[in-house]
Amino acid sequence: MGTSLTDLSLEELHDISVTTAAKHEQPLFVTPAATTVILAEDIRRSGMGSVGDTLRLVPGLNVAEQNAASWAVSSRGFNGGSSSKMLVLVDGRTVLSPYDGSVYWGDADIHMSDLQRIEVVRGSGGTLWGVNAVNGIISVVSRDAAETQGSLISVRGDSIDGLDVYARAGMKTGREAAARVYGRLTDARTELGAEAGGGTLEVTRKRAGFRFDLNRSTAAHTTVQGEFLRQRRTLEGQDPSATGGSASAAVSDHAYLLGRQTRTFSADNQLTVQLYGDLRRGQSVDNSSLSGSGRAGTLDKGYEVDLDLTHAIRVSTSNDLVLGAGVRHSVIDLDSGNTVSGLASRSHRDTGNVFVQDEIALLRKGLLLTLGSKYEFHDHSGGDVLPNARLAWTPSRRQTLWAAVSRAARHPNTSETGAVSSQLPVPSSTGASSGPVSVAGNSAMRSETLNSAELGWRGKPAAQWTLDLVAFLNRYSGLRNLTAASMASGNTAGGGTQSGGAYSIDNSLRAQGEGFEASIDWRPGEDWRFSAYYAYARLHATDGAIESALSSLDLAVPRHTGGIRGWWQACDTLEVAASAYGVSNLAAVAVPGYIRLDLQLIWHPRLDCECALGVQNANDGQHTEYIAGQGFLTAPIRRNVFARITWRF
Amino acid sequence: MIIRLCLLVRPLVLLFAVPFSAAFPDEPAAPPDDAIAHVKAAYIYNFTKFVTWPDSAFDDDRAPLVVAVVESREGACTHAIAEEIGGKTTPRGRPIVVRAAESLVAAAGAHLVFVADPPSIEPADLRKAVEGRAVLLVGDTPGFAETVGGIGLVVTGNRIGCEINARQAESASLRLNARLAGVARLVRGSAPN
């Protein structure tokens, strides 16, 4: 391990598991992958109000805010709006739409007070995480109910966004059991720019949920949690030609129930079983572009059941084995308002996987070899083998050198394979508004695949410094490619105007990406912390003709991204934080670069009360972070002043 | 749907049957006590950073901060704490001295008293022993912060958290840094005054 326990900050100590401390789990410093962990304290100091925004803290992630309720997040390219090559998990539950692969950011938005950590892995992680973990994994983890005892009220007001009110009650339900129940109301309002048709997009989310944890010492841990979320999106005063519909409102409901048990039979033998069910009901009114991602096409009814087993066992002093399996069954219904064909459509998906990974300590001191593979079966596109090999060398407590080769895949989603056509926004590279177009599903679509090589170095030249460098080379094949089938304007069966023509979709594109990411963390004292990162990325087609700007958008990646953050605790009760983030332009789709500066002052009048005042985008009247119009409900990001008060009692 | 799921589950059951039957011992594992003791020691080191004692609690500017460990077991916690933090200094440059104390009387003069699980000391006796003195009480028995005061270290599954009785600490003239609240559950004392 690179540090001793007393080198850890109070927040890191609170986050560490006892088994990690006993060196039975792999600490971050020697992990042979580009991994970043963001703790709740980092988020609190950042002043970010949502999980989507918080991801700006992660080196190498490109976070583009589309509007107050949606983000396009990618790593190493492919920020085509749906983040479809990133796997996003909340407490082990996938929050990707089975329809179009977009992220349900509303589901992922756990309140800061209940967040334990956000783990981000850049690069492929198919062997352990499965399909969709092509360019990265974002895992949001909430706190154990035992750690959220007592009552809490938090209110945040934003000058341009709206309101966030959260109330929680935590209680002991037995000697070894604890629970929390909570309710939250968020109201985010966004003034859309002229490119997106103008008007106001308002997203109101009301949610209520619970989490129950039963800890029988360290031998067994059972978690049951669930939530009901109702989301209402209204779009008023918009030019209908921009989105292909006459704007109105959409209401959607989501509920889930998850159970997980981890049994620790010995320090070297642990079994986890997880089962969850997800139920969604979306009710689109008039305008199909009011989907969760701010894109056209939406899921009207659906459910998903998922069962996973993971078994970690130390088979010898030099072999740590992890093996597991999982099955998932998804059903989605689309009604006639969301399909160009005008036909109601039901489709179901079954997937299953088995995986095994062995971590082998080699003879030479500090050399760790990880070999593993997953086989994932998909009832539509067949099976994918997702192997990886990783080698980490930790010659001293001060540095780790690692290398990895891996293969990852993304299964086509229903909007790509469906028998009915979908409306998708297809941007123009010239910026001219074209509106959403009809994209015919292709039943012959198969998985997109990635073969990746990574090289990394993590160093700790002194206790206060941590450096991280990663270089990568990615080769993609079978990428989706949209080809214009006809460019004639026409009317959709749902009543909307189809102004951009029809497209067909296939797997004819190949591409290559390369780049590097560097980050540094400096803690000169308990009261100071600085961190900075820079990432360079390139992504270009190597085979296949790009005929649509949607394919161009898929391949669009900002060449340069960077960030710098500083935090200072001026005294026992006062904290000051400042951060700046810079992103270069997306030339292929005419999105300019930007720099954004955030400032925050945090005051603790009492130990149980926290007040914060901050300004986001302080340096800039407004900028746009993503392609606007042409079916995307992207809004200019304006200067925002916010205030937050949190009281525990 | 059910038939499809059964078809998918069947090979998984077969796959797991062999390793599970071979791998599961009959008895669940005991918690890794040594690792827990070292994490608790690291917490105590952090408390010396984020709790401010009044100057009057020290003889002079160079006087050490004394951590006394009262425990029923044979020095396991004392050893871990001494190993982790003995010889370190506080942010104000005071050396930290760790010593074992067989009783509360022997802990007199310490600035931080860690009462390790499970000495047979009544909460009232503990409170009385430090009454009127700038002493931070830390314990790891369930409900310590509520029944005794100060800070309780609590094992929750695989993690160790803490509970803080801020009122008791402040009545002992100790100043708590707000960062402690970020990782702790705040509790009120249930003990009679």
Side-chain angles (χ1 to χ4, degrees), chain A residues 4-6 8-11 13-19 21-22 24 40-41 44 144 146-150 175 178 213 215 217-221 263-267 269 271 305 307 309 311 313 323 325-327 329 331 348 350 352 354 377 379 525-526 569 572-573 575 604 607-608 610 648, chain B residues 1 4-5 7-9 11-13 15-16 19-20 23-32 34-36 38-39 41-43 45-47 49-50 52 84-85 88 91 142 154-164 166 169-170 175-188:
Chain A
S4 78
L5 287 172
T6 50
L8 300 179
S9 71
L10 190 62
E11 294 78 20
L13 196 59
H14 182 245
D15 186 61
I16 198 171
S17 84
V18 174
T19 47
H24 292 146
E41 275 301 289
R44 188 181 65 81
D144 190 305
E147 295 178 14
T148 53
Q149 295 297 287
R175 188 169 164 270
D213 284 279
N215 286 292
S217 182
T218 54
H221 185 164
R263 291 190 69 85
T264 304
F265 298 95
S266 74
N269 189 348
L271 171 71
V305 181
L307 173 68
L309 299 100
H311 186 200
I313 181 168
L323 67 163
V327 289
H329 178 72
V331 172
H348 54 78
D350 289 307
V354 290
F377 171 78
D379 64 354
E526 284 296 333
Q569 185 168 25
D572 282 350
T573 56
E575 301 169 65
H604 305 265
L607 212 57
D608 56 7
E610 179 183 293
R648 294 198 278 172
Chain B
M1 169 200 158
R4 281 170 174 273
L5 275 178
L7 286 172
L8 284 167
V9 166
L12 306 185
V13 171
L15 176 79
F16 271 83
F20 279 10
F24 291 176
D26 294 335
E27 295 294 324
D34 187 52
I36 291 173
H38 281 268
V39 174
Y43 261 111
Y45 179 54
N46 271 281
F47 297 153
K49 296 178 190 172
F50 297 111
T52 305
E84 288 285 349
I85 70 176
K88 289 187 179 292
V154 186
V155 178
T156 305
N158 256 341
R159 289 191 161 77
I160 295 178
C162 51
E163 298 175 336
I164 296 180
E170 284 162 5
R175 209 170 70 230
L176 305 182
N177 189 300
R179 277 177 74 181
L180 286 169
V183 298
R185 175 193 168 207
L186 302 178
V187 299
R188 292 200 176 101

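Below, chains carry the letters A, B, ... as their sequence lines are ordered, and counting in each starts from 1. The shown structure was predicted, so the numbers you read here are calculated from the model rather than taken from an experiment.
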If only atom types and distance count, is the side chain of A:H14 paired as donor or acceptor with the main-chain N or O of B:V183 below 3.5 Å?
yes
Tell me the closest heavy-atom pair linking A:R648 and B:A184, and the distance in Å.
NH1-O, 2.9 Å
Against chain B, label A:E147 side chain, backbone, both or neither, depending on which of its atoms sit under 4.5 Å from a heavy atom there.
side chain
Is A:T148 close to chain B through its backbone or its side chain, or both, or neither, when contacts mean heavy atoms under 4.5 Å?
neither
Could you give the distance from [atom1] ([X]) to [atom2] ([Y]), rounded to the nearest 0.5 Å?
X: B:T52; Y: A:D572; atom1: OG1; atom2: CG; result: 5.0 Å
X: A:L10; Y: B:F47; atom1: CG; atom2: CZ; result: 7.0 Å
X: B:I164; Y: A:D608; atom1: CD1; atom2: CG; result: 11.5 Å

Is the shortest distance from a Lys or Arg side-chain nitrogen in B:R159 or A:D144 to a carboxylate oxygen in the other one below 4.0 Å?
no
Salt-bridge test for A:E526 and B:R179: reply yes if a basic N is under 4.0 Å from a carboxylate O, no otherwise.
yes
Let's test your reading of the structure: which of B:G182, B:A166, B:G161, B:C162 forms the most heavy-atom pairs below 4.5 Å with chain A?
B:G182
Side chain, backbone, both or neither: which part of B:F50 has a heavy atom under 4.5 Å from chain A?
side chain
Counting only heavy atoms closer than 4.5 Å, note whether B:A41 contacts chain A via side chain, backbone, both or neither.
neither
If you tally heavy-atom pairs under 4.5 Å against chain B, which of A:E610, A:E11, A:H604 wins?
A:E11
Which residues satisfy the side chain to side chain contact (heavy atoms under 4.5 Å, CB included) test with B:V154, sequence neighbours excluded?
B:T156, B:E163
Distance alone, cut at 3.5 Å: any donor-acceptor contact between the side chains of B:N177 and A:Q569?
yes
